[in-house]
Amino acid sequence: KVYQATQCFNSSTDIQNILSIAQEQDFQKIYAVSSFWHLWALKPIYQYWIKKLGYNLKVETQKLENDPAGLKTISIYFIYSALVRFSLTFGFFNHLDAEVNKLHSKRLSGYPVTGCD
């Protein structure tokens, strides 16, 4: 069975939803497919939530082959992934996650559904 995270407004929240569904469905492995620049941030967030939620899942990542992102997008995600990794290392990811949620809360009107389709 394949679930896709679509119409997402926040990667961290959606990862928690994906992991919950995977745990309920007794999945052993999740495949996260995204652009290479998005995976920079997703990989450590997946690992954080797997550990925090106490799930026994393996996540494998695969980058998209054709990625039309521009330099601005890649640069923003490089900075964001560095912040994610830094916050995880020094124990303030929850604060960063809360700030990102506040920042992205404006997007909820455009993305009324979060989690998985």
Requested in this report: Please test Trp49 against Phe93 for side chain to side chain contact (heavy atoms under 4.5 Å, CB included), starting from the C-alpha separation and ending with a verdict.
Outcome: CA-CA 11 Å; Trp49 285 115; Phe93 177 75; 4.0 Å; yes
Query raised in the report: Yes or no on side chain to side chain contact (heavy atoms under 4.5 Å, CB included) for Val100 and Tyr80, after CA distance, side-chain angles and deciding distance?
Result: CA-CA 10 Å; Val100 171; Tyr80 174 62; 3.9 Å; yes
Query raised in the report: Do Tyr55 and Tyr46 share a hydrophobic cluster (ILVMFWY, side-chain heavy atoms under 4.5 Å, transitive)?
Result: yes
Query raised in the report: Do Leu57 and Gln28 come close enough that some side-chain heavy atom pair is under 4.5 Å?
Result: no
Query raised in the report: Taking a hydrophobic cluster as the set of Ile, Leu, Val, Met, Phe, Trp and Tyr residues connected by side-chain heavy atoms closer than 4.5 Å, whether directly or through intermediates, do Phe36 and Val33 fall within one such cluster?
Result: no
Query - Atom pair OG (Ser12) and CD (Gln16), whose distance is rounded to the nearest 0.5 Å - result: 5.0 Å
Query raised in the report: Do the side chain of Gln47 and the main chain of Lys43 share a donor and acceptor less than 3.5 angstrom apart?
Result: no
Query raised in the report: So do the side chains of Glu60 and Lys29 get within less than 4.5 Å of each other, counting heavy atoms only?
Result: yes
Requested in this report: May I ask you to decide if Ala41's main-chain N or O and Arg85's side chain share a donor-acceptor pair within less than 3.5 Å?
Outcome: no
**Report entry** Residue pair Leu42 / Thr61, side-chain heavy-atom distance below 4.5 Å
**Finding:** no
Query raised in the report: Are Phe27 and Leu53 in one and the same hydrophobic cluster, where Ile, Leu, Val, Met, Phe, Trp and Tyr link if side-chain heavy atoms are under 4.5 Å apart?
Result: yes
Requested in this report: Could you verify whether a donor N or O on one side chain and an acceptor N or O on the other, from Trp37 and Thr73, lie under 3.5 Å apart?
Outcome: no
Report task. Please round to the nearest 0.5 Å and tell me the distance separating atom OG of Ser87 and atom NE2 of His95. Result -> 10.0 Å
Report task. Report yes if the side chains of Leu19 and Ile30 come closer than 4.5 Å at any heavy-atom pair, otherwise no. Result -> yes
Query raised in the report: Transitively linked via ILVMFWY side-chain contacts under 4.5 Å: Phe78 with Ile45?
Result: yes
Report summary line: In short, Leu39 meets Ala32 closest at the heavy-atom pair CD2-O, 4.0 Å
**Report entry** Straight-line distance of Leu88 CG to Lys51 NZ, nearest 0.5 Å
**Finding:** 10.0 Å
Query raised in the report: Do Ser11 and His38 have side-chain N/O donor and acceptor atoms under 3.5 Å apart?
Result: yes
Query - Listed partners of Tyr31 passing ring-ring contact (aromatic ring centres under 6.0 Å, His included), at least two apart - result: none
Report task. May I ask you to test the Tyr48-Asn94 pair for a side-chain heavy-atom distance under 4.5 Å? Result -> yes
Requested in this report: Determine whether Ser35 and Tyr77 make a side-chain contact, defined as any pair of heavy atoms from C-beta on separated by less than 4.5 Å.
Outcome: no
Query raised in the report: How far does CD1 of Ile74 sit from CD1 of Ile79, to the nearest 0.5 angstrom?
Result: 12.5 Å
